[in-house]
> 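Just dropping this structure here.
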Amino acid sequence: MAQTPRKIFLGVAWPYSNGSLHIGQIVGAYLPADIFARYHRAAGNDVLMVSGSDGHGTPITVRAEQEGRSPAEVSARFHEEFLESWQRLGISWDLFTSTGTENHARVAQEIFLKLLEQGDIYQDKMLLPYCLVEERFLLDRYVEGTCPICGYESARGDQCDNCGNVLDPIDLKDRRCKFDGSEPELRESEHFFHRLSAYEGPLKEWVRDKTYWRKPVLNWSLGWLEGGLKDRAITRDMQWGVPVPVQGWESKRIYVWFEAVIGYLSAAIEWAQGSGEPQRWREFWQDPECRHYYFIGKDNIPFHTLIWPSYLMGYSKATGENYSLPYDVPANQFQTIRGSKGSTSRGSAIFVPDLLSRYDPDALRYYLSATMPETSDSDFTWADFLRRNNDELVATWGNLVNRVLTFAYRNFDREVPQPGELRGEEAISQTGREIDLCHFRAGLEAAMSAAREANRYVEENAPWRLIKEDRARCATVLYTGICAIAGLNVAFSPYLPFSSQKQHGQLGNEGPVQAIGWRFSPPSPGQPLAEPEPLFKKLDPKIVDEEEARMGR
RNA sequence: CGCGGGGUGGAGCAGCGGCAGCUCGCCGGGCUCAUAACCCGGAGGUCGUGGGUUCGAGUCCCACCCCCGCUACCA
């Protein structure tokens, strides 16, 4: 199926390093990206998967203020935690860096200057609320007032909680500072703007043939385009972030949403430097044959389907070089927690480090893969997690492996018996096809379905009866079962990397399971079997109540 | 008020113009190699509501109702 070796670039959302990773980020972006990357690497394609901590922006400074630390300290602390989470979850980055590197600032400033020279970025004045008491410009959300649309008195500067309309703080009546209640004055501030409006035509043209994008992704993008694109301010009155590379702008910083997306490019450059071939990033960024995929949550869609492409179009033009645009942005919907969006304050957020302290990574990966919100929001419940682990992962796949290997180990001198028919090729190719299309749930289901078929095969051929009647035939049946397992193990490997590696070893193989590639490789008859041991643990039903209690229900 | 997504057997989901499908659960049976796991059979849905288009509609169109997100240390 995977025809010619391909080049694939995966850009994955940059998490704000202001708190622990939670389950929604994993299921929404990091897990699908990892499955995709693992599959393509096994299939022999050249993959570059990058991301990093987004260490700038207001969320970081807010947290830093609360803790009385510097933004840099906060960011560094969570960056370290992220690295550990990736490792334990098995998210296989080629590079996970941060926006705090010199390299990133240099690349971001370079793009900023090129776009400035070209006229894509221009200076203008804007009126911003300035608090005389706090002596600083106030962020949109720190201004409150009366909503001009519905009259609600506690509307925030960015949006009215009552009617839901997106607002501009200037439109509010009876404005007041959220901190001290004083009335902010409107003070003129000089800022740089990106001429997004100029890219409306080119973007419309570019999006036109993206019919294969997921429905929400395409509709969201088209909706923005139809509404007309507005120029966006790309600098902010703050001290934390990438400096504006223009004289006299020392008191301002580049807006986090301008520079963070540039991380996709700067990370590739950093990766190339680290690999000892500093120019190698060009293979992924400037070769038109390389396909770019961006794995993100649905809230980030316009940034990746319109805004980031507009920067790339402009930068390509300014430099005369080709910078690839996204091929697909398979954004996921949200995974709600017991029916609503995860919330720390309501005790319904589920954080990765905590989760990994009690559960195996593959159990989590299985559950999240099976319930991935690809087409619509899906819901996380502990009861469902328990059920899918015990009744699907353990009972179907885990049990197949365990029953066949245990039987073979005991009855055939602890080695792989002699050959006969069913293999695992079909599962491998079908799962591969689905992953290639970013249908991750379907890919997993294809493998599970093949595991059920293998269980049926074992049942119908009853080796426990054959062992007494026809030892040679029994060996054939078991060999066939083992072949199915070996094949299925490849199909499951992008989803369940830890247990796949273990299974690989149980069949007496050495080296990494990925070395097989994305194909069926028959086990050698006579090869010694390791003593079988269950691949997965059954969970105790009481965890449901325990976890619910832990979440403060 | 607006924008996007969704409402399909007990639960979770797929189907997106042509006899309503999958996993789990449930009921009945089989097997005993296996983590009380596995296999077979069965019951169970007028596909949110009301109109319309069509020879034919979960599947297209219109209106309405409900849920989720777009705001909150939170994808």
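First the proteins, then the strands, lettered A, B, ... as listed; each starts at 1.
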> Rounded to whole angstrom, note down the P distance from B/C61 over to B/G17.
11 Å
> Give none if B/C60 has no partner; otherwise give the nucleotide forming a Watson-Crick or G-U wobble pair with it, both distances under 3.5 Å.
B/G52
> Say whether, by atom type as modelled, one donor and one acceptor occur between the side chain of A/R236 and the main chain of A/Y255 under 3.5 angstrom.
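No; judged by distance alone, with no hydrogens or angles, the pair does not exist.
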> Hey, which sits more toward the 5' end of RNA chain B by its nearest nucleotide, A/A451 or A/W220?
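Nearest nucleotide further toward 5': that of A/W220.
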> Should A/N461 be listed as having a side-chain N or O under 4.0 Å from OP1 or OP2 of B/C39?
no
> What is the distance, to the nearest angstrom, from the OH atom on A/Y367 to the P atom on B/C13?
9 Å
> Check whether the side chain of A/E459 and the base of B/G30 form a donor-acceptor pair under 3.5 Å.
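Donor-acceptor pair under 3.5 Å: yes.
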> If you measure from the P atom in B/G6 to the same atom in B/G30, how many Å do you get, rounded?
46 Å
> Is there a stack between A/W464 and B/C33, judged by ring centres under 5.5 Å and planes under 30°?
yes
> Can you tell me the base-pairing partner of B/C38? Count Watson-Crick or G-U wobble geometry only, both distances below 3.5 Å, and say none if there is no partner.
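Base-paired to B/G30.
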> Within the 4.0 Å heavy-atom criterion, would you say A/D391 contacts the bases, only the backbone, or no part of the nucleic acid?
sugar-phosphate
> Contact class for A/G24 (heavy atom, under 4.0 Å): base, sugar-phosphate, or nothing?
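Base, at least one base atom sits under 4.0 Å.
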> Is A/R456 close enough to B/C40 that one of its side-chain N or O atoms is under 4.0 Å from OP1 or OP2 there?
yes
> Would you kindly say whether A/S53 and A/S98 are connected by a side-chain donor-acceptor distance under 3.5 Å?
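Checked: A/S53/A/S98 side chains show no N/O donor-acceptor pair below 3.5 Å.
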> Looking at every strand, decide which applies to A/P534 at a 4.0 Å heavy-atom threshold: base, sugar-phosphate, or nothing.
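Base, at least one base atom sits under 4.0 Å.
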> Using the C1' atom in both, what is the distance from B/C22 to B/G45, to the nearest Å?
14 Å
> Any carboxylate oxygen within less than 4.0 angstrom of a Lys/Arg side-chain nitrogen, looking at A/R387 and A/D384?
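Yes, this pair counts.
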> Choosing from B/G69, B/C73, B/U35, which nucleotide comes nearest the side chain of A/N402?
B/U35
> Could you classify B/G58 for me, syn or anti, using a glycosidic angle within 90° of 0 as syn?
syn
> Contact class for A/A29 (heavy atom, under 4.0 Å): base, sugar-phosphate, or nothing?
nothing
> From the list B/U35, B/G12, B/C33, which nucleotide is the closest neighbour of the side chain of A/F536?
B/U35
> Roughly, in whole Å, what's the span from CG in A/N399 to C1' in B/A36?
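The distance from CG of A/N399 to C1' of B/A36 comes to 11 Å, rounded to the nearest Å.
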> Does the distance from a Lys or Arg side-chain N to an Asp or Glu carboxylate O, for A/K204 and A/E226, drop under 4.0 Å?
no
> Taking the same atom, C1', in B/C47 and in B/A20, what whole-Å distance lies between them?
8 Å
> If you check the A/V394 side chain, which of B/G12, B/G69, B/U35 turns out closest?
B/U35
> Could you check how far CZ of A/F380 sits from C1' of B/C13, rounded to whole Å?
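A/F380 atom CZ is separated from B/C13 atom C1' by 17 Å.
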> With a non-hydrogen cut-off below 4.0 angstrom, is A/L535 in contact with a base, only sugar-phosphate, or nothing?
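The residue A/L535 makes base contact.
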> Name the pairing partner of B/C3, where a pair is Watson-Crick or G-U wobble with both distances under 3.5 Å, or state none.
B/G69
> Give the rounded distance in Å between these two atoms: OH of A/Y457 and C1' of B/C31.
17 Å
> Taking OP1 and OP2 of B/G5, is either one under 4.0 Å from a side-chain nitrogen or oxygen of A/K215?
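Negative; the distance criterion is not met.
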> Regarding A/R358 and A/E547, does a basic nitrogen lie under 4.0 Å from an acidic carboxylate oxygen?
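Counted as a salt bridge, because a side-chain N and a carboxylate O are separated by less than 4.0 Å.
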> Shortest non-hydrogen contact from A/F82 to A/G19?
CE2-O, 3.3 Å
> Quick one: A/L386 CG to B/U35 C1', roughly how many Å, whole number?
13 Å
> Where each residue is assigned the nucleotide of RNA chain B containing its nearest heavy atom, which of A/E445 and A/P373 is assigned the position nearer the 5′ end?
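Taking each residue's closest nucleotide, the earlier one in sequence belongs to A/E445.
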> What integer distance in Å separates A/I482:CD1 from B/C33:P?
17 Å
> So if I take every side-chain heavy atom of A/Y16 and compare against B/U35, B/C74, B/G69, which nucleotide ends up nearest?
B/C74
> Would you classify A/E392 as touching base, sugar-phosphate or nothing, given that sugar-phosphate means primed atoms plus P, OP1 and OP2, and contacts are heavy atoms under 4.0 Å?
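Sugar-phosphate contact only.
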> A/N219 side chain N/O closer than 4.0 Å to the phosphate oxygens (OP1, OP2) of B/G5?
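Looking at the OP1 and OP2 atoms of B/G5, one of them is under 4.0 Å from a side-chain N or O of A/N219.
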> Do the charged groups of A/K210 and A/D328 touch, with an N to O distance under 4.0 Å?
no
> What's the gap between B/A37 and B/C73 when it is taken at their C1' atoms, as a whole Å value?
44 Å
> Just by distance, with hydrogens left out, do A/N461 and A/R473 show a side-chain donor and acceptor under 3.5 Å apart?
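Present: a donor and an acceptor within the cut-off.
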> Taking only the C1' atom of each, what is the distance from B/A43 to B/C26 in whole angstrom?
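Each nucleotide's C1' atom is 9 Å from the other's.
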> Taking only the C1' atom of each, what is the distance from B/C60 to B/G18 in whole angstrom?
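So the two C1' atoms sit 14 Å from each other.
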> Starting at CG of A/N18 and ending at C1' of B/A72, how long is that distance when rounded to a whole Å?
13 Å
> Rounded to whole Å, how long is the line connecting atom CG of A/N390 with atom C1' of B/U23?
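That distance rounds to 15 Å.
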> So what does A/S449 touch, heavy atoms closer than 4.0 Å: a base, only the sugar-phosphate, or nothing?
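A/S449: no heavy atom of the nucleic acid under 4.0 Å.
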> Take atom P in B/U23 and the same atom in B/G41, then report the distance between them in whole Å.
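To the nearest whole Å, 11 Å.
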> Using a 4.0 Å heavy-atom cut-off, does A/R452 contact any base of the nucleic acid, only the sugar-phosphate backbone, or nothing at all?
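Sugar-phosphate only.
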